Amino acid sequence: MKVVFADVLAKANLSGVCQTQLADWQAVFAPILACEFGKFCLDSRKIGAEDGFVLLKSVSGDENAAIARAQNFAKSVNDKAAFIITDVPADELDVAIPVVSHPQIRKVLGSLIAAQLQLVKPAPLPKVVAVTGTNGKTTVSQLVAQLAERSGVSAAIMGTAGNGKLGALEQSANTTGDVLMVHEFLHRMACEGVELVALEASSHGLHQDRLQGVPVEVAIYTNLSHDHLDYHADMDDYRLAKARLFDKAYFPTLAHGVLNADAKYPLLTNDALPSDYKIVHYSQQKPAEYHATAITPSLDGVQIALDTPFGAMTLGSPLLGLFNVDNLLAAVAAFLVLYPQKASELPDLVAQLQGARGRMQRVPSSEGLFLVDYAHTPDALEQVLTSLQRHCTGKLIAVFGCGGDRDKTKRPIMTRAGLDHADHVILTADNPRSEEPAAILSDMQQGLTCEDHYRISIEPDRKTAIAEAVRMAGKDDIVVIAGKGHETYQEIKGVRHDFDDVAVLGDVLAVAKKA
């Protein structure tokens with residue numbers, strides 16, 4: 001079904017949804033107002049006859065190279081697309097079809113896509129809960145969706161571990177998809193009757209306006225720690241990107257914010273706390289709307305005494321680790337601000353929860369405790385190891401590496417986190433990508449002392465490293481394989497090879513007769 005662009009623009013109602021000095025988007029889009037088109041498309045390889053092509057300039061890398069790539073993409077759709085919408089200057093594109101160019105086009109693009117989808121097939125969109133933070137996004141979003149689903153509210157998730165309804169996830173390439181993918185997913189879920197979507201909001205996705213136009217009702221902040229400084233200029237730039245999620249200039253539908261009161265790096269300064277919607281906090285350390293006043297860990301999970309706006313309650317969570325208490329509190333707060341009438345159901349709902357795949361995931365063994373976790377930042381690794389120390393009566397062994405072609409400054413910090421909180425560390429390959437594993441491992445050993453080296457093994461082959469950990473583990477020991485979690489591949493020299501930590505660990509345990 002084709003639509004007229006003027007109808008899309010009218011339905012999008014762009015007034016007030018973006019920070020721009022431009023008062024009249026009608027004038028910007030004047031060259032294509034009368035154009036009929038089938039759908040928006042961001043991939044020149046997938047352009048259909050008379051689609052509207054969205055051409056976005058790369059936000060990183062060489063400016064001239066980005067323009068050259070954009071010129072090639074524009075030429076490739078010249079004989080198919082109905083028009084081009086772009087942030088590349090129009091005079092840089094030599095095409096015969098109409099071109100609309102504006103440097104802030106990302107600020108309205110999601111609203112346009114959402115409007116076009118609704119014109120083709122109207123459907124009431126789900127409530128949207130968006131989670132941002134360095135760690136915990138995947139687990140919190142899945143816990144929110146599970147609480148909703150188990151209480152009778154149809155739910156779906158979008159993020160690192162996959163997109164779709166619970167139990168039927170499709171693999172995702174990015175934590176936060178591109179703006180077209182996000183809106184098409186929300187619309188598809190709406191058409192399937194989904195009532196709530198919990199999604200992960202990465203700093204990249206927020207900075208690049210991939211969530212523009214998404215009707216976020218609840219925003220959650222988990223924590224902030226060293227990561228992605230290959231993309232962001234510094235930690236404050238990283239913080240500001242994430243803080244966009246709590247800004248009604250970007251998300252005018254915001255009704256509730258959920259903040260971690262214990263975060264070492266507050267997302268919002270006191271003078272930036274919003275006054276136009278409700279904020280609640282969660283904490284393990286201090287009084288808050290959701291305050292864990294007592295926590296009793298065991299190898300079966302944790303028992304939590306919790307103060308809430310609905311009164312005190314006791315929750316038995318099957319999730320291991322104190323950081324998962326934080327994740328649970330965030331999910332509980334978000335669930336109850338949306339569905340306060342379900343507060344009495346919470347203890348039963350929490351008892352049924354399952355951790356996200358590859359997040360403190362237990363692999364069955366006849367002796368010892370073996371876990372796979374996605375922890376790939378220094379803070380996440382520290383949280384995993386310090387949580388496991390409370391469960392461990394023997395040795396704590398950690399196996400991890402660092403990804404190639406990513407922030408190199410965190411490599412020795414990762415090793416330090418392992419040495420500070422584990423009895424023995426095995427350094428190995430993660431996803432080396434285009435780098436040599438030996439070079440990454442060398443970076444990870446910078447600044448180590450002779451004493452440190454006595455507690456470290458170096459094994460570039462990840463399967464061999466896992467086997468070494470299994471071999472040295474006794475019946476009272478805990479082994480955690482960190483860094484890749486849910487991933488089912490290892491990327492080496494640009495090629496993805498099948499590699500699933502959970503499956504590999506299971507096989508190694510079987511060979512060692514410890515399964």
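Worth saying up front: this structure is predicted, and the values here are computed from it rather than measured.
- Side-chain atoms of Gln212 come within 3.5 Å of backbone atoms of Lys107 as a donor-acceptor pair (strictly under, hydrogens ignored).
- The backbone N or O of Gly403 lies less than 3.5 Å from a partner atom in the side chain of Arg411, making a donor-acceptor pair.
- For the pair Arg462 and Asp501, the salt-bridge criterion is met [side-chain N within less than 4.0 Å of a carboxylate O].
- The closest side-chain heavy-atom distance from Leu9 to Leu33 is below 4.5 Å.
- Side-chain N or O atoms of Thr139 include none that pairs as donor or acceptor with a backbone N or O of Gly136 at under 3.5 Å.
- Annotation for Thr134 and Lys137: closest pair O-NZ, 3.4 Å, computed over non-hydrogen atoms.
- Leu319 is linked by a side chain to side chain contact (heavy atoms under 4.5 Å, CB included) to Leu143, Ser317, Asn324, counting only residues two or more places apart in sequence or in another chain.
- Side-chain contact, Asp407 with Thr409: a donor N or O sits under 3.5 Å from an acceptor N or O.
- A salt bridge links Asp43 with Arg45: the distance from a Lys NZ or Arg NE/NH1/NH2 to an Asp or Glu carboxylate oxygen falls below 4.0 Å.
- Put simply, the side chain of Tyr277 gets close to the backbone of Phe246: a donor and an acceptor are under 3.5 Å apart.
- A search for salt bridge (Lys or Arg N to Asp or Glu O under 4.0 Å) contacts involving Arg359 returns nothing, not counting sequence neighbours.
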* Decide side chain to side chain contact (heavy atoms under 4.5 Å, CB included) for Thr488 and Phe499; before the verdict, give the C-alpha distance in whole Å, the side-chain angles of both, and the deciding distance to 0.1 Å. => CA-CA 5 Å; Thr488 57; Phe499 199 102; over 6 Å; no

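- One finds no salt bridge joining Glu192 and Lys121 here, because no Lys/Arg side-chain nitrogen approaches an Asp/Glu carboxylate oxygen to under 4.0 Å.
- The distance between the ring centers of Tyr374 and His376 falls below 6.0 angstrom.
- The minimum heavy-atom distance between Ser44 and Phe73, with the atom names listed, is OG-CD2, 3.6 Å.
- Between Asp500 and Arg357 there is a salt bridge, since at least one side-chain N of the basic residue sits less than 4.0 Å from a carboxylate O of the acidic one.
- Under a cut-off of 6.0 angstrom, the local environment of CG in Asp498 is sparse, with at most 12 non-hydrogen atoms contributed by other residues, nucleotides or ligands.
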* To do: Check the pair Asp87 / Leu55 against side chain to side chain contact (heavy atoms under 4.5 Å, CB included), numbers first and verdict last.
  => CA-CA 7 Å; Asp87 55 2; Leu55 177 56; over 6 Å; no

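- Within the 3.5 Å criterion, the main-chain N or O of Ala243 finds no donor-acceptor partner in the side chain of Asp247.
- Rounded to the nearest 0.5 angstrom, Met1 CE and Lys39 NZ are separated by 14.5 Å.
- Put simply, CZ on Phe323 and CG on Asp262 are 15.5 Å apart, with the number rounded to the nearest 0.5 Å.
- Residues Leu125 and Pro215 approach most closely at CD1-CG, 3.9 Å, considering heavy atoms.
- One finds the CG atom of Leu93 at 7.5 Å from the OG atom of Ser101 (value rounded to the nearest 0.5 Å).
- Minimum heavy-atom separation, Ala482 to Leu381: CB-CD1, 3.9 Å.
- By the 4.5 Å heavy-atom criterion applied to side chains, Leu346 and Leu147 are counted as neighbours.
- To the nearest 0.5 Å, the span separating CE on Met444 from OG1 on Thr428 amounts to 9.0 Å.
- Shown here are the side-chain hydrogen bond (donor to acceptor under 3.5 Å, both in side chains) partners of Thr132, two or more places apart in sequence or in another chain: Lys242.
- The residue from Val258, Val131, Val129, Leu328 that alone fulfils the side-chain contact (heavy atoms from CB on, under 4.5 Å) condition with Val140 is Val131.
- Residues forming a side-chain hydrogen bond (donor to acceptor under 3.5 Å, both in side chains) with Glu436 (at least two apart in sequence, or on another chain): Lys493.
- At distances below 3.5 Å, not a single donor-acceptor pair connects side-chain atoms of Glu200 with backbone N or O atoms of Met158.
- Between Asp94 and Lys75 there is no salt bridge, since none of the side-chain N atoms of the basic residue sits less than 4.0 Å from a carboxylate O of the acidic one.
- Between the side chain of Thr222 and the backbone N or O of Asn135, at least one donor-acceptor pair lies under 3.5 Å.
- Between Leu329 and Val332 there is no side-chain heavy-atom pair separated by less than 4.5 Å.
- Donor-acceptor pairing under 3.5 Å is lacking for the side chains of Glu149 and Ser154.
- Note: Phe29 and Phe5 have tilted aromatic rings, judged against thresholds of 30 and 60 degrees for the angle between ring planes.
- Among all heavy-atom pairs drawn from Asn431 and Glu487, the shortest one is ND2-OE1, 3.0 Å.
- The distance from the CG atom of Asn260 to the OH atom of Tyr282 is 4.0 Å, given to the nearest 0.5 Å.
- The pair Arg244-Asp209 meets the salt-bridge criterion, since a charged nitrogen lies less than 4.0 angstrom from a carboxylate oxygen.
- A salt bridge is absent between Arg150 and Glu345: the closest approach of a Lys/Arg side-chain nitrogen to an acidic carboxylate oxygen does not fall below 4.0 angstrom.
- Phe83 and Cys35 get closest at one heavy-atom pair: CD2-CB, 3.9 Å.
- At distances below 3.5 Å, not a single donor-acceptor pair connects side-chain atoms of Asp276 with backbone N or O atoms of Lys248.
- Side-chain atoms of Ile105 and Leu56, non-hydrogen and from C-beta on, do get closer than 4.5 Å to each other.
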* Asked: Checking ring pair (Phe, Tyr, Trp, His ring centres under 6.0 Å) for the pair His281/Tyr290: CA distance, chi angles, key distance, verdict?
  -> CA-CA 6 Å; His281 296 82; Tyr290 294 86; over 10 Å; no

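- Residues passing the salt bridge (Lys or Arg N to Asp or Glu O under 4.0 Å) test with Glu217, sequence neighbours excluded: Lys127.
- Of the possible polar contacts, one joining the Gln71 side chain to the Glu92 backbone as a donor-acceptor pair under 3.5 Å is found.
- Judged as a side-chain hydrogen bond (donor to acceptor under 3.5 Å, both in side chains), and not counting sequence neighbours, Lys80 has no contacts.
- With hydrogens and angles disregarded, a donor-acceptor distance shorter than 3.5 Å links the side chain of Thr253 to the backbone of Val216.
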* **Trace of the salt bridge (charged side-chain N to carboxylate O under 4.0 Å, His left out) decision for Arg69 with Glu63** => CA-CA 10 Å; Arg69 286 194 297 271; Glu63 175 80 6; over 6 Å; no

* Evaluation steps, salt bridge (charged side-chain N to carboxylate O under 4.0 Å, His left out), between Lys484 and Asp430 -> CA-CA 7 Å; Lys484 290 173 54 58; Asp430 189 286; 5.1 Å; no

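- For NZ of Lys342, the number of neighbouring non-hydrogen atoms (other residues, nucleotides, ligands) closer than 6.0 Å is greater than 12.
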* To do: Tell me, with the steps shown, if Asp373 and Gln361 meet side chain to side chain contact (heavy atoms under 4.5 Å, CB included).
  => CA-CA 6 Å; Asp373 193 84; Gln361 181 173 351; over 6 Å; no

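- Salt-bridge annotation for Arg433 and Asp405: absent, with no side-chain N of the basic residue lying under 4.0 Å from a carboxylate O of the acidic one.
- Atom-to-atom distance recorded for Gln116:CD and His187:NE2 is 8.5 Å, nearest 0.5 angstrom.
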